[in-house]
Amino acid sequence: MEYQNILVKKKDGVGWVIVNRPDKLNALNSQTIRELQDAFLVFKDDQEVRAIILSGSGEKAFVAGADIGELAGLDLETGKNYALNGQELTRLIENFNKPVIAAVNGYALGGGTELVLACHIRIASENAKMGQPEVKLGLIPGFGGTQRLARLVGKGQAMELILSGRIIDAAEAYRVGLVNRVVSFGDLFPTCEALAKEIIANGPLAIESSIEAINKGLDQTLEDGLLLEAELFGKACSTEDSKEGTKAFLEKRKAGFQGR
Ligand code: COA
């Protein structure tokens, strides 16, 4: 697929996906959502890519929301389908087989915050502004915000953020647990890159299973989650990577993981 609204590149095992509609503050129209879906699917099967960094182009916005021009024309049925389509993208990211890091470089509003919520790890620059302002448009979050925000920051904080539609700065986003870390704008990409490389140094199958265990476990009872963890632990024990990782430790050398 040829991309009009996103930029994609690969460097040192990291796949970069940058939403690129800076004149519209990288707002997510349907074309952009399709392109993001395609880019993630391509990276999913790309053996050279071991982690993804998702961001927006320019200094002002990560993604300033779903495209309000498109939202204006939706009705009961098309609205539901629009939300389901956006949710397909956020589920693809959330359940991705490789770690996805959000580099929040400015406004991440509505669908932008929802994209960030779907990522596995969130790093914000000091100029980031986040929120779910949909109620100001007479709408509600539709790409997973009501569900993932409450799961990430707790019901009380999610209620306040979604019902007020308030936009918060990076420090507040950090305080409520919406982002893992806040760094200067200049440090944002290097920090995300360093984090991606730190993760990439580990066993890729172990990373994939860890993501699966955390994601699935949170939707289950503790008992079921623990059983899932034990099953995935057993699966990890049967990999060549775990033999190599444990052997390398005992031989006091760096492990060479093959993803097998
Ligand atoms: N959908 C479509 N277009 C958007 C957009 C969105 N979510 N967010 C910004 N844009 C467009 C603006 O319409 C404007 O386009 P134009 O130059 O053709 O008029 C351009 O991006 C720049 O935005 P502008 O509003 O002029 O920038 P600003 O610095 O004055 O304000 C924001 C920045 C983020 C506060 C403001 O753009 C905004 O409130 N955006 C909508 C946020 C929102 O409600 N998102 C959730 C949607 S569910």
Side-chain angles (χ1 to χ4, degrees), residues 3-7 17-37 54-94 102-119 122 124-153 157-174 176 178-179 182 185 188:
Y3 301 137
Q4 295 162 18
N5 297 335
I6 66 170
L7 303 170
V17 180
I18 309 287
V19 181
N20 186 35
R21 289 180 83 205
D23 54 323
K24 295 290 176 194
L25 302 186
N26 303 322
L28 289 182
N29 60 4
S30 300
Q31 173 70 19
T32 311
I33 291 174
R34 268 195 299 279
E35 292 181 13
L36 285 170
Q37 266 161 351
L54 175 64
S55 194
S57 73
E59 298 197 0
K60 200 168 166 185
F62 174 83
V63 164
D67 192 306
I68 297 173
E70 288 187 357
L71 298 178
L74 298 175
D75 61 21
L76 182 68
E77 201 183 324
T78 56
K80 182 178 175 187
N81 288 334
Y82 190 87
L84 287 173
N85 185 47
Q87 287 176 8
E88 203 177 306
L89 171 63
T90 53
R91 282 165 74 167
L92 173 65
I93 295 172
E94 182 168 53
V104 189
N105 58 319
Y107 286 113
L109 304 177
T113 282
E114 289 170 303
L115 269 188
V116 173
L117 286 169
C119 294
R122 292 156 280 276
S125 60
E126 284 161 352
N127 67 327
K129 297 245 184 316
M130 303 182 71
Q132 299 280 175
E134 288 88 347
V135 290
K136 291 182 189 294
L137 304 169
L139 292 167
I140 71 165
F143 295 174
T146 61
Q147 304 307 303
R148 292 196 182 95
L149 187 61
R151 280 167 171 77
L152 186 68
V153 304
Q157 294 288 359
M159 281 284 185
E160 183 171 340
L161 281 171
I162 290 174
L163 302 189
S164 68
R166 190 188 310 131
I167 292 169
I168 58 174
D169 63 16
E172 180 69 357
Y174 177 70
V176 300
L178 183 45
V179 296
V182 180
F185 184 81
L188 182 63

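Scope of the values below: all heavy atoms of this structure, side chains included, with no hydrogens, waters or symmetry mates. The first residue in the sequence is number 1, and the count goes up from there. Start at 1 and go down the list; that is how both ligands and their atoms are numbered.
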Who's the nearest protein heavy-atom neighbour of [atom], and how far?
| atom | result |
| --- | --- |
| atom 23 (O) of ligand 1 | Leu25 CD1, 3.6 Å |
| atom 2 (C) of ligand 1 | Ile68 N, 3.5 Å |
| atom 39 (O) of ligand 1 | Leu109 CD1, 4.8 Å |

Whether [X] lies under 4.0 Å from ligand 1, heavy atom:
| X | answer |
| --- | --- |
| Pro133 | yes |
| Asp23 | yes |
| Lys136 | no |

Heavy atom of protein closer than 4.0 angstrom to [atom]:
| atom | value |
| --- | --- |
| atom 25 (O) of ligand 1 | no |
| atom 45 (N) of ligand 1 | yes |
| atom 48 (S) of ligand 1 | yes |
| atom 13 (O) of ligand 1 | no |
| atom 29 (O) of ligand 1 | yes |
| atom 36 (C) of ligand 1 | no |

Do ligand 1 and [X] have nitrogen or oxygen atoms that lie under 3.5 Å from each other?
| X | answer |
| --- | --- |
| Ala64 | yes |
| Leu71 | no |
| Lys60 | yes |
| Ala27 | no |
| Lys24 | yes |

### Query
Quick one: which ligand 1 atoms are inside 4.0 Å of a heavy atom on Glu134?
48 (S)
### Task
Please identify which atoms of ligand 1 are closer than 4.0 Å to at least one heavy atom of Asp67.
1 (N), 2 (C)
Which pair of heavy atoms, one from [X] and one from [Y], lies closest together, and at what distance?
| X | Y | result |
| --- | --- | --- |
| Met130 | Leu109 | C-CD2, 3.9 Å |
| Val116 | Ala108 | CG2-CB, 4.2 Å |
| Val182 | Tyr174 | CG2-CB, 3.7 Å |

### Query
Taking it one step at a time, do Asn26 and Phe62 satisfy side chain to side chain contact (heavy atoms under 4.5 Å, CB included)?
CA-CA 7 Å; Asn26 303 322; Phe62 174 83; over 6 Å; no
### Task
Evaluate the criterion side chain to side chain contact (heavy atoms under 4.5 Å, CB included) for residue pair Arg21 and Gln4; output intermediate values, then yes/no.
CA-CA 9 Å; Arg21 289 180 83 205; Gln4 295 162 18; over 6 Å; no
#### Entry: From CA spacing to verdict: side chain to side chain donor-acceptor pair (under 3.5 Å), Gln31, Arg34
CA-CA 5 Å; Gln31 173 70 19; Arg34 268 195 299 279; 3.0 Å; yes
### Given Asn20, Val19, Leu28, Asn29, the one that forms side-chain contact (heavy atoms from CB on, under 4.5 Å) with Asn5
Asn29
### Task
Check for a donor-acceptor pair, side chain of Arg166 on one end and backbone N or O of Gly131 on the other, with a separation under 3.5 Å.
no
### Query
If only atom types and distance count, is the side chain of Glu114 paired as donor or acceptor with the main-chain N or O of Thr90 below 3.5 Å?
no
### Query
Under the side chain to side chain contact (heavy atoms under 4.5 Å, CB included) criterion, do Leu71 and Tyr82 qualify, and how do the steps go?
CA-CA 9 Å; Leu71 298 178; Tyr82 190 87; 3.5 Å; yes
#### Entry: Heavy-atom side-chain contact between Gln37 and Asn85 under 4.5 Å
yes
### Task
Could you check if a side-chain atom of Leu36 sits within less than 4.5 angstrom of a side-chain atom of Leu54, using non-hydrogen atoms only?
yes
